[in-house]
J.: 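Please read through the structure below; I'll follow up with questions.
Because only heavy atoms are used, hydrogens play no part in the values below, and waters and symmetry mates are left out as well, while side chains stay in. Remember, it's a predicted structure, so these values are computed and weren't measured experimentally.
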Protein chains: 2
Amino acid sequence: MRWGVEKRLEFIEFRLFWEGGINRADIVDQFSVSVPQASKDLTLYEEKAPGNLIYDKSAKLYKAADDFKPVFMQPSASTYLAHLREANGGTAGATDVWLASAPEHDALPIPHRRVDAEVLRDVLKAVRDGRSIEVFYQSMSAKRPAPEWRPVTPHALGNDGLRWHVRAFCHVDHKFKDFILSRCIKTQKHGLPGASASDDMLWHDRFAVALAPNPALSESQQSIIAQDYEMKNGRAEVMVRKAMLYYFQKRLRLDIADKLDNPHEIPVVVSNRAAFDAALAEAMA
Amino acid sequence: MRWGVEKRLEFIEFRLFWEGGINRADIVDQFSVSVPQASKDLTLYEEKAPGNLIYDKSAKLYKAADDFKPVFMQPSASTYLAHLREANGGTAGATDVWLASAPEHDALPIPHRRVDAEVLRDVLKAVRDGRSIEVFYQSMSAKRPAPEWRPVTPHALGNDGLRWHVRAFCHVDHKFKDFILSRCIKTQKHGLPGASASDDMLWHDRFAVALAPNPALSESQQSIIAQDYEMKNGRAEVMVRKAMLYYFQKRLRLDIADKLDNPHEIPVVVSNRAAFDAALAEAMA
DNA sequence: CGGATGAGTATAGTTTATATATCCATCATC
DNA sequence: GATGATGGATATATAAACTATACTCATCCG
């Protein structure tokens, strides 16, 4: 079966499962095929997945049968939610949006400056080639009030939950640091690398963060949390790169959970706090 | 031009722009076409986008020309980064991954329980049909230590940055609330709605959060932040649903920025704090 | 009871793709 | 400097996919 046909069958199945129905017009709109072709696709789908399709003459819609069994995709909530985000304008163009009757939805607005495509492309090239690149970077440190050209040797990208950064060896400070992508204004001149990716120990080393239910919660609540995080003996371990530990703490509000937040808002706390703090201190040095 | 052909040309362009090169094998692998067809596609691409393609005989690779001008896609960093996330196993299956030589990368691990696809499907059905549904929900409140069946009338989905929830009218508490999707264990029985979507004022009303650079930052840093957020007169406005205000505050650490964090980690603060707190109090009532 | 809508199907013709084969250039290796 | 491996271009014949057009049928709405 050709790739395009397979995609259309997958689309039919997606719509059946998530939106409860599909008709020819949907296929025509999504793939720009002719109306008879859409008919054929539906017939073909019925052949390949017998019994999944029921035509509701009154609603003029093909509906999923009660014993619907997907064969062209694995239904996954996160896939659907990714489409939803896409429909919301989240990433614009990574996927074709397959939703017709999307529910009303909203994601938290995260204000920030765009990442420049040309900049990202040049940085990626430097990573691929194992070379250095000069970045016109707007630092937040007090020492560097204006953007400056900095030679760096990038080797990886990281996402802290709010934004993407490049992990790179800084030729000025002679160590590996994170550079927020949206603060990279422009790039120039590739050159010789200042360090090898394998030298970035904080990136490669991971620390096992032990999470436990917040002890400020009631007994029963703690057991719920333990289920939620699939804990064993009241503990869950999450491996986090040392270079990411700081963000991990901030994002999950692990640093202030016990002090400021209402306990039921902070489900988990770090149970190996001493080791965690030591690892964090090492990463921040 | 047929949909499949168009997609392949788009793919060629994507690879040219983001990965610097492409060859026939890439097309064959991605779309399961024959080798001659891949040749034809490249010829066709050269026809449609003259001058973009340069064959490097030594590298055995088609490369992007220096004056490469995309015609089948708009290069966008967020699109690339979305593919990267996908490659990382983030959303599994929403998009075809188009990356071959992805850089090393990592996102912050967010531990949580999966959302059940069947549950989400049933909830979506209730939203579409404007009906209620019973959810076996594991609350975190001390009053409800065990999961309980609750009739709710859902009307929208929300994402707080860490997880998705359903916005729904709770038939037990007689008000609109957020139900974390991963805490919905199972569903049953659709029924009559308890309220209309339009009654959910906190969802529909938005509050204009005024953001200003953190005053603890130096003059020059503040002006950088102002650029970053595209502020006018040192202020940026972000419209946030009242039902989302609480998450907004937590996620951006606006509540503790001035107290606990190093100022250079918290770029912005709320400048209409009194109104913000009032709106928040209203939303939490 | 029309009329509109959406589905199914048949025909003929076009486009797209396959399989197979042949040829060519580059490069690494001996 | 011959050899083989790799990747690309092209030709031919055939098959599959798809379009355009046309006609039929069923259901629902006013």
Side-chain angles (χ1 to χ4, degrees), chain A residues 1-16 19-65 68 72 96 100-101 128-129, chain B residues 1-16 19-65 68 72 96 100-101 128-129:
Chain A
M1 195 181 324
R2 296 245 257 261
W3 180 82
V5 183
E6 183 114 20
K7 278 283 153 192
R8 295 204 300 273
L9 296 186
E10 194 186 327
F11 172 74
I12 290 171
E13 193 153 81
F14 182 90
R15 279 285 177 88
L16 282 175
E19 311 215 324
I22 189 171
N23 59 20
R24 298 191 299 181
D26 293 326
I27 304 175
V28 169
D29 291 347
Q30 192 74 33
F31 297 96
S32 308
V33 293
S34 63
V35 170
Q37 186 57 41
S39 268
K40 282 181 205 164
D41 287 341
L42 287 164
T43 313
L44 180 61
Y45 182 80
E46 167 63 24
E47 248 174 56
K48 298 279 179 183
N52 273 0
L53 222 46
I54 292 172
Y55 187 60
D56 181 333
K57 290 179 179 175
S58 167
K60 296 192 168 181
L61 203 70
Y62 282 93
K63 291 191 170 172
F68 176 86
F72 290 97
D96 294 317
S101 63
R128 266 199 311 278
D129 299 346
Chain B
M1 195 181 324
R2 298 246 255 263
W3 180 81
V5 182
E6 183 114 20
K7 277 283 153 193
R8 294 203 301 273
L9 296 186
E10 192 187 329
F11 172 73
I12 290 171
E13 193 153 79
F14 182 89
R15 278 288 176 88
L16 282 175
E19 311 215 324
I22 188 170
N23 58 21
R24 299 191 299 182
D26 294 325
I27 304 174
V28 170
D29 291 347
Q30 193 73 35
F31 297 97
S32 307
V33 294
S34 63
V35 171
Q37 187 56 41
S39 268
K40 281 182 206 164
D41 287 340
L42 287 164
T43 313
L44 180 61
Y45 181 79
E46 167 62 23
E47 248 173 58
K48 298 279 178 185
N52 271 1
L53 221 47
I54 291 172
Y55 186 60
D56 181 333
K57 290 179 177 175
S58 166
K60 295 191 169 182
L61 203 70
Y62 282 92
K63 292 190 169 172
F68 176 88
F72 291 97
D96 294 317
S101 63
R128 265 199 312 278
D129 299 346

J.: Who passes salt bridge (charged side-chain N to carboxylate O under 4.0 Å, His left out) against D29(B), sequence neighbours left out?
T.: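 D29(B): no salt bridge (charged side-chain N to carboxylate O under 4.0 Å, His left out) contacts found.
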J.: CG of L9(A) to NZ of K7(A): how many Å apart, nearest 0.5 Å?
T.: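 Taking CG in L9(A) and NZ in K7(A), the distance rounds to 11.0 Å.
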J.: Polar atom pairs between nucleotides 18-23 of chain D and protein, under 3.5 Å, N or O only, would you list them?
T.:
unit_1	atom_1	unit_2	atom_2	d
dC18(D)	OP1	R8(A)	NH1	3.0
dC18(D)	OP1	R8(A)	NH2	3.3
dC18(D)	OP2	R8(A)	NH2	2.7
dC18(D)	OP2	Q37(A)	NE2	3.0
dC18(D)	O4'	R2(B)	NH2	3.3
dT19(D)	OP1	S32(A)	O	3.4
dT19(D)	OP1	S34(A)	N	3.2
dT19(D)	OP2	S34(A)	N	2.7
dT19(D)	OP2	S34(A)	OG	2.6

J.: What pair of heavy atoms forms the shortest contact from V5(A) to L44(A), and how long is it?
T.: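 For V5(A) and L44(A), the tightest heavy-atom pair comes out as CG1-CD2, 3.6 Å.
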J.: For E46(B), which residues count as a side chain to side chain contact (heavy atoms under 4.5 Å, CB included) partner, sequence neighbours excluded?
T.: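 Result, side chain to side chain contact (heavy atoms under 4.5 Å, CB included) vs E46(B): L53(B).
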J.: Hey, what bend do you get for the helix from dC1(C)-dG30(D) to dC30(C)-dG1(D) if you fit axes on five pairs at each end, rounded to 10°?
T.: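 What I find for the helix from dC1(C)-dG30(D) to dC30(C)-dG1(D) is an axis angle of 40°.
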J.: Run the ring-ring contact (aromatic ring centres under 6.0 Å, His included) test against F31(A) and tell me which residues pass, sequence neighbours left out.
T.: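 ring-ring contact (aromatic ring centres under 6.0 Å, His included) list for F31(A), sorted by chain: F11(A), W3(B).
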J.: At a heavy-atom distance below 4.0 Å, which nucleotide of DNA chain C is the first touched by chain A, and which is the last?
T.: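 Nucleotide range in contact with chain A: dT5(C) to dA17(C).
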J.: With side chain to side chain contact (heavy atoms under 4.5 Å, CB included) as the criterion, how do L16(B) and Y45(B) come out once you've worked through the C-alpha distance, each side chain's angles and the decisive distance to 0.1 Å?
T.: CA-CA 11 Å; L16(B) 282 175; Y45(B) 181 79; 3.8 Å; yes
J.: Just jot down the salt bridge (charged side-chain N to carboxylate O under 4.0 Å, His left out) partners of R15(A), sequence neighbours excluded, or say none.
T.: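 E19(A), D26(A).
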J.: Using a 3.5 Å cut-off and no angle test, enumerate the donor-acceptor pairs between side-chain atoms of residues 57-65 of chain B and protein atoms at least two apart in sequence or in another chain.
T.:
unit_1	atom_1	unit_2	atom_2	d
K63(B)	NZ	D56(B)	OD2	3.1

J.: Write down the distance between CG (N23(A)) and P (dT27(D)), rounded to a whole number of angstrom.
T.: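 Distance, rounded to whole Å: 17 Å.
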J.: Which value, rounded to the nearest 0.5 Å, describes the distance between K48(A) atom NZ and E6(A) atom CD?
T.: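 K48(A) atom NZ to E6(A) atom CD measures 8.5 Å (nearest 0.5 Å).
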J.: With sequence neighbours left out, what residues match D41(B) under side-chain hydrogen bond (donor to acceptor under 3.5 Å, both in side chains)?
T.: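 Here the qualifying residues are R8(B), Q37(B).
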J.: What distance do S34(B) atom OG and I27(B) atom CD1 have between them, rounded to the nearest 0.5 Å?
T.: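 Reported to 0.5 Å precision, the distance equals 11.0 Å.
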J.: Provide, to the nearest angstrom, the distance between the CZ atom belonging to R24(B) and the P atom belonging to dG7(D).
T.: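 These atoms are roughly 9 Å apart.
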J.: Measure CD1/I27(B) against C1'/dG7(D) and give the value in whole Å, please.
T.: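 Going from I27(B) (CD1) to dG7(D) (C1'), I get 13 Å.
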J.: Under the side-chain hydrogen bond (donor to acceptor under 3.5 Å, both in side chains) rule, collect the residues that match up with S39(A), sequence neighbours excluded.
T.: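 Expected list: R24(A).
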J.: Go through residues 44-63 of chain A and report each residue with a non-hydrogen atom lying under 4.0 Å from DNA chain D, sorted by number.
T.: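 Listed by number, they are K57(A), S58(A), K60(A).
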J.: Quick one: list whatever passes salt bridge (charged side-chain N to carboxylate O under 4.0 Å, His left out) with K40(A), sequence neighbours left out.
T.: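 None.
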